[in-house]
Amino acid sequence: MELTATHTRIEPAILYLGTPVVLISTVNPDGTPNLAPMSSAFWLGWRGILGMAARSQTVRNLLRTGECVLNLPSDALAPAVDRLAMTTGTTPVPQWKHDRGYRYEPDKFGTSGLHPVESETVAPPRVSECPVAMEAVLEAAHPLAEGDKDLEGNIVVLEVRVQRVWAHDEIRLAGTTNRIDPNLWRPLIMSFQHFYGLGPRTTPSTLANIPETAYLSPDVARSHT
Ligand SMILES: Cc1cc2nc3c(=O)[nH]c(=O)nc-3n(C[C@H](O)[C@H](O)[C@H](O)COP(=O)(O)O)c2cc1C
């Protein structure tokens, strides 16, 4: 490691330092499916925490129906995800998006070239090509920067509870029933608006001495009812 490395204070306009891309499917008021890429997402137990523009069609649909599917594309699906960039299911296109070149797109699946498959517990479809797809219901919506006159109302933080996890057999850990093999799962990562994959596993992980089952959430049993 470089001992003399120094930090320089910087003020980057965005802090998109690398997070997995999620394609969220929801249902529009007319019953058609919407599909939107996002990457401000992380997981706590069987809950997903999602940061979304409050005026996106995805948020409107989620607040209205309480249902979504979180589809996780592999890095190989970057071209399909990119075909959804700069599109919205909202018409008319909100001013901020209009000014940046976004267009209204009612046929997100057709545009992406991806295919819908019927879900088991929610109305929005899964994306067939995504190696991981999680059916989920909305549990809470928290406004970001509440009380800040410049920021409030722009972004909402959604807490969703997962009800079904679907995985392609190609990424499952051999000899197990409920595990994904991290050597085979190649998530698509967005870093500073560009697409990346993961490199190979590096240093052996001390944390990985804890068995995955030690983290089992009561939400898993709840999803059976
Ligand atoms: C790779 C990628 C990552 C994105 N991440 C987010 C995000 O985390 N949150 C968000 O609100 N929008 C994000 N966007 C922009 C949304 O896709 C955009 O707001 C889109 O218009 C939403 O579609 P909808 O209005 O049909 O829901 C991302 C776009 C791309 C291409």
Side-chain angles (χ1 to χ4, degrees), residues 19-41 47-74 76-141 143 153-168 187-188 190 193 195 223:
T19 44
V21 174
V22 182
L23 291 176
I24 305 190
S25 44
T26 53
V27 172
N28 293 315
D30 66 2
T32 59
N34 190 46
L35 188 63
M38 60 85 68
S39 59
S40 301
R47 308 250 166 163
I49 310 296
L50 315 168
M52 286 290 297
R55 279 172 281 272
S56 65
Q57 190 60 36
T58 299
V59 169
R60 289 168 204 231
N61 290 345
L62 249 168
L63 294 178
R64 195 185 68 260
T65 67
E67 298 186 342
C68 67
V69 180
L70 308 172
N71 303 279
L72 273 70
S74 63
L77 291 177
V81 173
D82 197 49
R83 287 192 284 274
L84 291 172
M86 314 284 284
T87 66
T88 176
T90 298
T91 182
V93 176
Q95 192 62 47
W96 189 93
K97 286 186 179 174
H98 180 266
D99 294 347
R100 282 157 187 79
Y102 275 75
R103 69 176 199 280
Y104 169 57
E105 179 50 73
D107 181 13
K108 300 282 198 82
F109 274 92
T111 298
S112 66
L114 300 170
H115 296 90
V117 205
E118 202 173 321
S119 295
E120 195 171 276
T121 66
V122 294
R126 287 182 272 140
V127 175
S128 170
E129 290 85 351
C130 285
V132 179
M134 298 185 276
E135 300 178 18
V137 291
L138 183 66
E139 290 288 354
N154 290 337
I155 294 175
V156 59
V157 180
L158 305 169
E159 176 187 337
V160 299
R161 179 171 55 79
V162 171
Q163 303 203 122
R164 289 286 182 279
V165 179
W166 303 95
H168 284 180
L188 177 62
M190 191 273 276
Q193 301 191 91
F195 294 121
S223 74

Rounded to the nearest 0.5 angstrom, the CD-OG distance for Gln193 and Ser39 is 9.5 Å
What is the minimum heavy-atom distance between Ala54 and Val156, and which atoms define it?
-> CA-CG1, 4.1 Å
Sub-3.5 Å donor-acceptor pair from the side chain of Asn71 to the main-chain atoms of Val127, do we have one?
-> yes
Any donor-acceptor pair under 3.5 Å linking the side chain of Ser119 with the backbone of Pro124?
-> yes
So, Ser128 side chain and Val117 main chain: donor-acceptor pair closer than 3.5 Å or not?
-> no
Do the side chain of Glu139 and the main chain of Arg161 share a donor and acceptor less than 3.5 angstrom apart?
-> no
Side chains of Gln163 and Val122 in contact at under 4.5 Å (non-hydrogen atoms) = yes
Heavy-atom distance under 4.5 Å between the side chains of Ser56 and Lys97, does that happen here?
-> yes
Nearest non-hydrogen partners of Glu129 and Gly113, listed with the distance | OE2-O, 3.9 Å
Identify the heavy atoms of Pro131 and Ser74 that sit nearest to each other, and give their distance.
-> CD-N, 3.7 Å
Reported NE2-to-SG distance for the pair His168 and Cys130, which is rounded to 0.5 angstrom = 7.5 Å
Taking the side chain as every heavy atom from C-beta outward, state whether Leu62 and Leu158 have any pair of such atoms under 4.5 Å apart.
-> yes
Side chain to side chain donor-acceptor pair (under 3.5 Å) filter on Gln95, not counting sequence neighbours, yields Asp99
Are side-chain heavy atoms of Arg103 and Thr87 found at a separation under 4.5 Å?
-> yes
Where do Leu114 and Leu23 land on the side-chain contact (heavy atoms from CB on, under 4.5 Å) test, with the steps shown first?
-> CA-CA 11 Å; Leu114 300 170; Leu23 291 176; 3.6 Å; yes
Is the NZ or CZ atom of Arg55 positioned over Trp96's six-membered ring, under 6.0 angstrom from the centre and within 45° of the axis?
-> no
Residues in side chain to side chain donor-acceptor pair (under 3.5 Å) with Asn61, at least two apart?
-> Thr26, Asn28, Gln57, Arg64
Nearest heavy-atom contact between Trp166 and Glu120 is CH2-OE1, 3.6 Å
Run the numbers on Val21 and Leu72 for side-chain contact (heavy atoms from CB on, under 4.5 Å), then give the verdict.
-> CA-CA 6 Å; Val21 174; Leu72 273 70; over 6 Å; no
Lys108: which of Thr32, Asn34, Thr88 passes side chain to side chain donor-acceptor pair (under 3.5 Å) = Asn34
Arg126 side chain to Pro116 backbone, donor-acceptor under 3.5 Å = no
Looking only at atom types and distance, does a side-chain atom of Glu135 sit under 3.5 Å from a main-chain N or O of Thr121, one as donor and one as acceptor?
-> yes
Closest non-hydrogen atom pair, Leu50 against Met38 | CB-CE, 3.9 Å
What closest approach, in Å, do Val22 and Ala41 show between heavy atoms, and which atom pair accounts for it?
-> CG2-CB, 3.9 Å
Separation of Leu35 CG from Glu105 CD (nearest 0.5 Å) = 11.0 Å
Got a donor-acceptor contact below 3.5 angstrom from the Arg164 side chain to the Ser223 backbone?
-> yes
Output a table of donor-acceptor pairs, distance under 3.5 Å, between side-chain atoms of residues 76-83 and any protein atom two or more places apart or on a different chain; print 'none' if there are none.
residue, atom, partner, partner atom, Å
Arg83, NE, Ser112, O, 3.1
Arg83, NH2, Ser112, O, 2.9

